[in-house]
Structure formats: C-alpha cells, structure tokens
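Just so you know, ligand 1 is whichever comes first in the structure, and atom 1 is the first atom listed for that ligand.
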Amino acid sequence: MTIRTRQRLIERIRKRVLIRLALGLVGVVIAMAVGAVMFIFWGVYNVSALQQHTEPVYTVLTTALDRSISQRAEEIDVPSLDDPAMAQQGLIYYRDKCVQCHGAPGVARQDVGKGMTPVPPNLAHTASNRTPAEIFWAIKHGIKMTGMPSWQFIFTDEEIWEIVAFMRQMSKLSPVEYQAIAARVDSKETAQTEEAEASSARSGTAPEVLPNADRGRLAMYGYACIACHRIPGLVGPQADVGPPLAGIGARRYIAGVLTNNEDNMVRWLRHPTQVDPLTAMPDLEVTERDARDMAAYLETLK
Ligand code: HEC
Ligand code: HEC
C-alpha cells in the first residue's frame, strides 16, 4: 500500500465518522423534539395546584423569577420611605387588597390564598429579602403564571410606594398593633373620594393627559377585557362572551345604542350599565384616563 492510498483511506474513514456523528446528533435533536411534543400533548405534566413542582423545576422557576425581577428593578428610583404616615396609608391598601392572599400579622390568608401554587409568600419575609425597587416592580407589574396580579391600573405609583413602606414595617408590627391601625383608618375608596372632591374644588377639572393607545392596550389586560372579548393585538382565551372588537374603530354604533365617537366610547367603557341597564357588560370601575387610553387603542382597530 502506497502512502497516498493510505492517506485516502484515512480521509474516507474520517468523513464517515463525521457523517455518523452528525446523523446521530440530528437523531437526538429529533427525538428530544418529539419527546417534548408528546410530553405536552399527552398531558404528562400535572398542573394540579396541590402538586408542587419537583425540586429541580422549582429551583429553575424561582431563579428565573428572581433574575427577571431584579433585572427590571434596576432602573427604578426609590423615594424616601421613612414617613410613618406613608406606611400607615399603605397598611390600609394592604388590608383591602392583599391580605386575602398574603395574610398579615395575626391574620390568616383567606381561602383564595391557601390552595395556590406558588403559595403567596409572607410579605414581611419578602421585605427582608428583596430591595424596595424589586418589591415595587412586583406589585406594579404582577407576576405571570403565579396568581400575583398587576396593580398598576388600581393603584398610582405613589400608592404602591406607600404599600412598600408598610411592608418594610410589617415585621415590627404585633398582631394587636396591626389590628388597631387596620380598624382605625378608612378605605382607599373613602380617601380617594375626599381627595377627588378636594382637588376638583381646587382646580375645577382634572389636568389633561393626552390619550395613549399603547397604555390603553396594556389597560385592557389590566381590566381583564380579554376574558370576554377577542381584541386584535392582544393574546387571550378568544372568548366570545362579548362581541369581538375587530373593526370597532370603523363601526357607527357602540353596542347598538351609542354613536361611535371618543366621548361615547369613554362613557360606555366607564359605565356600560348606565348606558344600557340590561347589558351583560359589567361596570369595571374604569378610570377616566384609562378609558380614554383604551378608546384611543380601539379607535385604531379599523
Ligand atoms: C390572588 C392572590 C394575590 C393577591 C390578591 C396578591 N398577591 Fe402578591 N403574590 C401572590 C402570589 C401567588 C405570588 C407569587 C409567589 C412566588 O412565586 O414567589 C405573589 C407575589 C408577590 C410579591 C413578590 C414576592 C416575592 O418574594 O417574590 C409581592 C411583593 C407581592 N406579591 C405583593 C402583593 C401586594 C402588595 C398585594 C396587594 C396590593 C398582593 N401581592 C396581592 C398572590 C397574590
Ligand atoms: C364579563 C364580560 C365582559 C367584560 C369583562 C368586558 N366586556 Fe365589553 N362587552 C361585553 C358584552 C356582553 C357586550 C355586548 C353588550 C351589549 O351589546 O349590550 C360588550 C360590549 C362592548 C363593546 C361594544 C362592542 C360593539 O360591538 O359595539 C366594547 C367596545 C367593549 N365591550 C369593550 C370592552 C372593554 C375595553 C373591556 C375592558 C375594560 C370590556 N369590554 C370588558 C362583555 C364584557
């Protein structure tokens, strides 16, 4: 055998090995993809709220959650949180909106907060583990696939900071002290009505903010409109409890009763049952600003 034929032989063997390796790799990738598809379609993963994830899945998910929140919280400027009046106001918001899931000093979670996976954490513990910016972000934006709602269409940023201020004091409050403040102070609704009356007495009308269609799109997730409507540009259950809103910007009437213009759309979104007492669309406590933003988005759907 000459040197040249030997070299050719080696070259041929090397090529064959490489081709086999490549084929093997493709085979593994295909097998994994088929496995993943079957895993999903055979419903292998148990989604029961009482079957906790396995330890490795739990670790992956909590790490992803921690990293996601801390990345996004980096940009947030934290105001001073030391004013005791702030924490006291925050306690009232907490009592009204959070205690049912998270509990409070001496107060158990209600039914909704018991059988959840992940379990709504004790927020005194959270306050010592997370920075104020991270807590603010989690409250404002909520956390997908956990049951933690976004509160940005319910509370202003200032109100969320008040809740953060309260959470930082929570571990120092005894059950008796918590109850004493919780029983003493009025709800957000009373406080807001008084504030709104005071401010309209001061300035006549609310300050104008230009309608923002992007914010309106987000607001339609925030008010759960997609639970009843198909809305182009929003992902959801595609339920037809209410009419699909594709083309709503070009329609002449709203719900068959109001001429379609911006003011009437705002009126409909804020108080549908005042426009039509028999309508199946409920009043969702939509604010003027949120309704204007949603109307701006709906206007683009021609
Ligand atoms: C419907 C139940 C529910 C309500 C109501 C609720 N939460 Fe949550 N919350 C959760 C769940 C579930 C989690 C996610 C737990 C996890 O994955 O770590 C969570 C997570 C959080 C976190 C992040 C905690 C952490 O350490 O990761 C904060 C902060 C928080 N909630 C604050 C609040 C505040 C403040 C309110 C009231 C304005 C509130 N939550 C109302 C269920 C709820
Ligand atoms: C509980 C279900 C439900 C929710 C939640 C809901 N809607 Fe509706 N919506 C309806 C129903 C039902 C109608 C039809 C009302 C009628 O014709 O009397 C309707 C009608 C409408 C109309 C008029 C449609 C047309 O064809 O004229 C608009 C616009 C609308 N909804 C927008 C919204 C927005 C925006 C939200 C969120 C803020 C929302 N809806 C939340 C059930 C709902």
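Remark: minimum distance from atom 38 (C) of ligand 1 to any protein heavy atom is reached at Cys98 SG, 2.6 Å. Looking at atom 25 (C) of ligand 1, its nearest protein heavy atom turns out to be Arg130 NE, 3.3 Å. Among all non-hydrogen protein atoms, the one lying nearest atom 24 (C) of ligand 2 is Pro243 CG, 3.7 Å. Here the heavy atom of the protein found nearest to atom 2 (C) of ligand 1 is Cys101 SG, 1.8 Å. Taking atom 19 (C) of ligand 1 as the reference point, the nearest protein heavy-atom neighbour is Met148 CB, 3.4 Å. Nearest protein heavy-atom neighbour of atom 29 (C) of ligand 1: Ile135 CG2, 3.9 Å. The protein heavy atom nearest to atom 28 (C) of ligand 1 is Leu123 CD2, 3.8 Å. Protein heavy atom at the shortest distance from atom 17 (O) of ligand 1 is Pro118 CG, 3.2 Å.
By heavy-atom distance, the residue among Pro282, Cys225, Pro244 lying nearest atom 34 (C) of ligand 2 is Cys225. For atom 15 (C) of ligand 2, the nearest non-hydrogen atom from the set Leu284, Thr279, Val275 belongs to Thr279.
When the side chains of ILVMFWY residues are joined at heavy-atom separations under 4.5 Å, either directly or via intervening members, Val119 and Leu65 end up in two distinct hydrophobic clusters.
Where the criterion is an N or O separation shorter than 3.5 Å, residue side chain and backbone included, Ala280 fails it with respect to ligand 2. For ligand 2, the polar-atom distance check against Arg251 finds a nitrogen or oxygen pair separated by under 3.5 Å.
There is no side-chain donor-acceptor pair under 3.5 Å between Asn129 and Thr126.
Atoms of ligand 1 lying under 4.0 Å from any heavy atom of Ile163, numbered from 1 in the order shown and given with element: 35 (C). Under a 4.0 Å criterion applied to the non-hydrogen atoms of Leu245, ligand 2 contributes the atoms 24 (C), 28 (C), 29 (C), 32 (C). Within ligand 1, the atoms closer than 4.0 Å to a non-hydrogen atom of Leu65 are 17 (O), numbered from 1 in the order shown. Remark: ligand 2 atoms within the under-4.0 Å shell around heavy atoms of Met294 are 38 (C). Against a heavy-atom cut-off of under 4.0 Å, Val241 is close to the following atoms of ligand 2: 12 (C). The Leu269 neighbourhood of ligand 2 comprises atoms 32 (C), 33 (C), 34 (C), 35 (C), with distances under 4.0 Å to a heavy atom of that residue. The distance from ligand 1 to the heavy atoms of Thr126 drops below 4.0 Å at these ligand atoms: 24 (C), 25 (C), 26 (O). The contact set between ligand 1 and Thr146, taken as ligand atoms under 4.0 Å from a residue heavy atom, comprises 12 (C), 14 (C), 17 (O). Listed by atom number, the atoms of ligand 1 under 4.0 Å from Ile139 heavy atoms are 32 (C), 35 (C). Within the listing of ligand 2, atoms 29 (C) sit less than 4.0 angstrom from a heavy atom of Met265. The atoms of ligand 1 that sit less than 4.0 Å from any heavy atom of Val119 are 15 (C).
Within a 6.0 Å sphere centred on CZ of Arg168, heavy atoms belonging to other residues, nucleotides or ligands number 12 at most. More than 12 heavy atoms of other shown residues, nucleotides or ligands fall within 6.0 angstrom of atom CE in Met38.
Ionic pairing of Glu11 and Arg14 is present here: one or more N-O contacts between side-chain nitrogen and carboxylate oxygen are shorter than 4.0 angstrom. Contact check on Asp111 versus Lys114 returns a salt bridge, with a Lys/Arg side-chain nitrogen under 4.0 Å from an Asp/Glu carboxylate oxygen. We find that Arg292 and Glu288 are joined by a salt bridge, their nearest charged nitrogen and carboxylate oxygen being less than 4.0 Å apart.
Nearest N/O/S atom of His102 with respect to atom 8 (Fe) of ligand 1 is recorded as NE2.
Proximity of Gly113 to ligand 1 is not established, as no heavy-atom distance is less than 4.0 Å.
Neither the backbone nor the side chain of Tyr93 comes within 4.0 Å of ligand 1, counting heavy atoms alone. Contact annotation for Asn129 and ligand 1: no heavy atom of the residue comes within less than 4.0 Å of the ligand.
Side-chain contact between Tyr223 and Val286 is present, with heavy atoms from C-beta onward closer than 4.5 Å.
The two atoms that bring Leu234 and Tyr221 nearest to each other are CA-OH, 3.4 Å, heavy atoms only. Between Glu159 and Phe155 the shortest heavy-atom distance is OE1-CA, 3.3 Å.
Using modelled atom types, no side-chain atom of Asn264 and backbone atom of Leu258 make a donor-acceptor pair closer than 3.5 Å. Distance alone, capped at 3.5 Å, places no donor-acceptor pair between the Arg109 side chain and the Gly103 backbone.
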